[in-house]
Each structure stands twice: as structure tokens, then as C-alpha cells.
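To start, the structure under review is shown below, and the notes come after it.
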Amino acid sequence: METLTTSQKMRTAKDFLPINGTDHIEMYVGNAKQAAHYYKTAFGFQSLAYAGPETGVRDVASYVLQQGKIRLVLTTPLLSTNPISEHIFKHGDGVKIIALWVDDAYKAFEETTARGGKVYMEPKTIKDENGEVRMSGIYTYGETIHLFIERKNYTGLFLPGYQSWKSEYNPSDAGLLYIDHCVGNVGWNRMNDTVKWYEDVMGFVNILSFDDKQINTEYSALMSKVMSNGNGYVKFPINEPAEGKKKSQIEEYLTFYEGEGVQHVAIATNDIVKTVRELKSRGVEFLSPPPNAYYEDLLGRVGKIDEDLVPLQELGILVDCDEEGYLLQIFTKPVEDRPTLFFEIIQRKGAQSFGAGNFKALFESMEREQAKRGNL
Ligand code: FE2
């Protein structure tokens with residue numbers, strides 16, 4: 001019988017790939033200048049660094065934004081001949097790179113490629129007046145990449161090649177602190193291979209599993225398995241569609257992303273009511289709240305919580321608990337016209353899980369949106 005908590009399971013992960021956390025997320029987008037404006041205005045990110053024609057880069061423009069410990073890079077190609085153009089043509093705007101902060105990028109490459117990781121970037125050292133960064137990279141699901149970034153001998157703002165980006169437009173932040181987890185959607189029958197890949201190549205451990213009996217609505221179903229590194233700083237839930245009466249949100253994603261990729265990035269806050277109020281006032285669109293009965297039953301389901309129910313219900317914030325505590329969470333609508341990438345805002349009060357008790361309410365809300373798009 002299984003008696004380990006999720007925290008205890010994390011500690012059973014293998015240690016050949018020590019990871020200190022998420023270094024940055026890089027999105028390929030059709031218009032990085034406008035996307036940067038959106039993430040500053042709507043989500044409260046701050047201007048940090050820039051690389052492009054003005055800094056001697058001829059083929060792309062990249063804007064680096066920061067909030068709390070989160071670094072978000074928005075990159076756009078300048079000509080159709082750039083391979084990034086092909087990526088955007090196929091997938092639309094989306095997450096290309098989940099970069100991981102490691103102590104030794106050369107060793108990370110050796111360990112993962114020796115275990116079957118497919119090479120994206122051979123190890124290299126890049127330098128400027130602020131020191132050097134060592135980096136390497138491998139492919140994960142779809143065309144998504146894990147870069148390994150080693151920056152212990154670097155004091156610059158981001159990476160060599162980037163210059164400080166001083167903007168006159170500086171909206172206040174929204175209390176976003178760090179990346180809690182990044183979720184990948186994989187195709188039919190691809191779950192087990194993907195889980196095995198994270199176990200074998202990255203040394204991750206499967207800390208939670210949900211089958212289609214646990215994640216279903218009247219219309220659709222999916223399966224989800226959560227992979228974590230040893231210290232729990234990096235968590236990658238993986239979703240696979242399952243058979244249902246209608247098309248699941250995972251199938252809708254796979255159709256419109258035209259392949260496997262990052263479904264959502266969950267960002268932590270320590271005051272979810274304040275953060276969500278702020279984001280809403282700036283135009284971030286969230287999924288509609290669950291029916292009133294959800295809040296009437298809430299305390300019976302999760303026990304006593306510190307927060308008032310009224311603002312949670314008003315904003316549509318969901319609550320779930322596990323053996324270690326509880327968590328509050330809410331999901332945005334997709335942040336582009338294709339129904340692909342969205343964000344989650346999460347506040348953990350001890351719980352190390354992912355809101356399984358909310359799956360039904362959440363997916364019903366998603367299905368209402370899917371139905372509006374004619375994709376259910
Ligand atoms: Fe999530």
C-alpha cells in the first residue's frame with residue numbers, strides 16, 4: 001500500500017541531474033514587441049533585457065521580462081527564412097524553451113544525452129564583460145526544448161548578448177513570484193513514453209497520477225501524471241487525452257497547436273485574491289467561476305481556510321486540499337487566438353498537489369469555452 005506523501009516521493013528522484021529551479025521560459029511569438037507590451041500591461045512583468053538589431057543581432061528580436069523570480073523571454077524572427085518563422089507558422093505563439101538552472105551545463109548534457117536525450121544544443125560557453133554562461137539543450141515532447149543554463153560565473157542581467165532594456169513604460173507588478181509548474185500535453189498513447197523519458201533521461205519521479213476515471217466530465221476525459229525533480233523545484237505534469245463522448249480540451253490543444261507542447265504555466269503568488277483582482281483589472285481573462293454549489297460545499301470538502309469565501313467566489317478562485325495542506329488556484333483563458341497556451345495562478349498553503357478535487361469544475365468551465373469555439 002502506498003503511504004508516501006508527494007513531498008516524500010520527490011526525494012526518491014535520482015540525483016544525476018541536480019536542478020536549482022526554472023531559469024527562464026522562452027516563447028516564440030509573431031510580434032515580440034506587442035507581446036512584451038501585453039505581458040507588461042496585463043501581467044505586470046518588468047522590462048529587463050533586450051537583444052535585436054539595435055544590439056547587433058540580425059535575425060531575431062528578443063525581449064526579456066521579469067517578475068519575482070520569473071524570467072520570460074519573447075522572441076520573434078525578423079525574416080521568413082529564419083526557422084523560428086516555420087515554428088510560429090505551424091504552432092502559433094507558444095512556449096518553445098523551458099530553461100533549467102543547473103550547476104554544470106556540460107555534465108547535465110552528458111548525463112541526459114547518455115540516457116537517450118536528443119541533442120538540441122551541444123554544450124557551449126558564451127561570454128561578455130560580465131563573465132560567462134555555459135549552456136546546452138535537449139528536446140522533450142513535441143518541438144519543446146529543455147535548455148540547461150549554468151550561470152555561477154556570470155553577473156550580467158540575463159545572458160551574454162543581451163543589453164539592459166530601460167523602458168519609460170513601467171506598469172507595477174501583480175505579485176507573481178515564481179513558476180510553480182509547467183504542464184505538457186502529449187498525444188494519444190504517448191503518456192507512458194513521456195513519463196519514462198522524464199524518469200530515464202532526467203531522473204525525475206512520478207509523484208501523482210490521475211486516470212480518466214478521476215478526470216472526467218459528462219463529455220470528456222483525460223489522464224495526467226506529475227513528474228518532479230528531487231528537490232521539487234521543477235514539476236512537469238503531463239496530460240494525455242482519453243476517450244469521452246466529445247472532444248477533450250487536450251485534443252483541442254493538439255489540433256490547434258498542431259502537435260505536443262506546453263499547455264499551461266502555473267505561477268505562484270502569496271496573495272491570490274489581490275493578484276487575481278489586479279490581473280482582471282488589467283484585462284487578463286479568466287475562466288468563468290463554477291456554479292454556486294461549488295462554494296456552498298467548499299468548506300465541507302477542504303476544511304477550514306484562512307481566506308474569506310466571498311472574494312474567492314466573486315473571482316472564481318478554486319480551492320483544493322491534500323494530506324499536507326490546501327491550495328488556491330485559477331486559470332486564465334488561452335492568451336492567444338489559438339486555444340493553446342494559458343496560465344494558472346496558484347497559491348499553496350502546504351498542499352503539494354495540483355487541485356485534483358477541482359478538475360471536474362475546472363474542465364466543465366473549459367468545456368463551456370470549447371463549446372463557444374465550436375470545438376467540443
Ligand atoms: Fe496546473
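In what follows, every heavy atom counts, from backbone to side chain, and hydrogens, waters and symmetry copies are set aside.
Exactly one residue among N229, V205, T140 makes a side-chain contact (heavy atoms from CB on, under 4.5 Å) with Y198. That residue is T140. Screening Q347, R348, E307 for a side chain to side chain donor-acceptor pair (under 3.5 Å) with Y326, the sole residue that qualifies is E307. Each of V276, L328, I330 was evaluated against L312; a single residue qualifies, L328, per the side-chain contact (heavy atoms from CB on, under 4.5 Å) test. With V234 as reference, I19 is the one residue of I179, N20, I98, I19 to meet the side-chain contact (heavy atoms from CB on, under 4.5 Å) rule.
Applying the ring-ring contact (aromatic ring centres under 6.0 Å, His included) test to F210 and every residue at least two apart in sequence or in another chain returns F359.
Note on ring orientation: taking the six-membered ring where Trp is involved, the planes of H181 and F354 are perpendicular (angle over 60°, cut-offs 30° and 60°).
Here the closest non-hydrogen pair linking G203 and F16 is N-CZ, 3.2 Å. What you find for F148 and A105 is that their closest heavy atoms are O-CB, 3.6 Å. Minimum heavy-atom separation, P77 to I88: CD-CD1, 3.6 Å. Heavy atoms only, all atoms of each residue included: S353 and D322 are closest at OG-OD2, 2.8 Å. The heavy-atom pair separating F331 from H264 by the smallest distance is CE2-NE2, 4.0 Å. Between V133 and P160 the shortest heavy-atom distance is CG2-CD, 3.6 Å.
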- After noting the C-alpha distance and the side-chain angles of E111 and R115, does the key distance pass the salt bridge (charged side-chain N to carboxylate O under 4.0 Å, His left out) rule? CA-CA 6 Å; E111 296 285 357; R115 290 171 167 81; 2.6 Å; yes

- Item | Pair R190-E260, salt bridge (charged side-chain N to carboxylate O under 4.0 Å, His left out): steps then yes or no | CA-CA 10 Å; R190 281 269 301 131; E260 302 181 343; 2.8 Å; yes

- Task: Check step by step if side chain to side chain donor-acceptor pair (under 3.5 Å) holds for K127 and T125.
- Result: CA-CA 7 Å; K127 299 176 182 182; T125 302; over 6 Å; no

- Criterion salt bridge (charged side-chain N to carboxylate O under 4.0 Å, His left out) on R151 and D23, from CA distance to verdict: CA-CA 10 Å; R151 51 172 71 254; D23 189 273; 2.7 Å; yes

- What do the steps show when you test K333 against E369 for salt bridge (charged side-chain N to carboxylate O under 4.0 Å, His left out), and what is the final call? CA-CA 8 Å; K333 291 182 182 175; E369 297 298 318; 3.8 Å; yes

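In this structure, D104 pairs ionically with R134, as a charged nitrogen and a carboxylate oxygen lie closer than 4.0 Å.
For E86, the CD atom counts as loosely surrounded, since its 6.0 Å shell holds 12 or fewer non-hydrogen atoms of other residues, nucleotides or ligands. Sparse packing is recorded around CG of D337, with 12 or fewer heavy atoms of other residues, nucleotides or ligands lying under 6.0 Å away. The environment of CD in Q34 is sparse: at most 12 heavy-atom neighbours from other residues, nucleotides or ligands sit within 6.0 Å. Atom NZ of K274 has 12 or fewer neighbouring heavy atoms from other residues, nucleotides or ligands inside a 6.0 Å radius.
By the 6.0 Å and 45° rule, R368 does not stack over the aromatic ring of F363.
I345 places none of its side-chain heavy atoms less than 4.5 Å from the side chain of Q329. Within the 4.5 Å cutoff, the side chain of V284 has no heavy atoms near those of the K280 side chain. With a 4.5 Å cut-off on side-chain heavy atoms, S62 and L74 do not count as touching. Using a 4.5 Å heavy-atom threshold, the side chains of L222 and N185 count as separate.
With hydrogens and angles left out, the side-chain atoms of T75 and Y63 include no donor and acceptor closer than 3.5 Å. Under 3.5 Å, the side chains of T217 and E367 contain a donor-acceptor pair of N or O atoms. Judged by distance alone, the side chains of K196 and T194 never bring a donor and an acceptor atom under 3.5 Å apart. A side-chain donor from one of E252 and N375 sits under 3.5 Å from a side-chain acceptor of the other. For the residue pair Q46 and D173, no side-chain donor N or O sits within less than 3.5 Å of a side-chain acceptor on the partner. Defined by atom type and a distance below 3.5 Å, a donor-acceptor pair is present between the side-chain atoms of N239 and Q263. Residues K40 and S167 have side chains that bring a donor and an acceptor to within less than 3.5 angstrom of each other. In the model, T5 has no side-chain atom that pairs as donor or acceptor with a side-chain atom of Q352 under 3.5 Å. Side-chain contact check for Y154 and D128: at least one donor-acceptor pair (N or O, by modelled atom type) lies under 3.5 Å. For the residue pair N358 / Y294, a side-chain donor-acceptor distance below 3.5 Å is found, with atom types taken as modelled.
A donor-acceptor distance shorter than 3.5 angstrom exists from the side chain of T112 to the backbone of A108, with no hydrogens or angles considered.
A distance of 6.0 Å or more separates the ring centres of H91 and Y28. Ring centroid separation for the pair F236 and H146 comes in under the 6.0 Å cut-off.
The ring pair (Phe, Tyr, Trp, His ring centres under 6.0 Å) analysis of residues 97-124, with sequence neighbours excluded, yields the pairs Y120-Y139.
The line from CG of D59 to CD1 of I84 is 7.0 Å long, rounded to the nearest 0.5 Å. Note that OG1 of T255 and CZ of R338 are 11.0 Å apart. Values are rounded to the nearest 0.5 Å.
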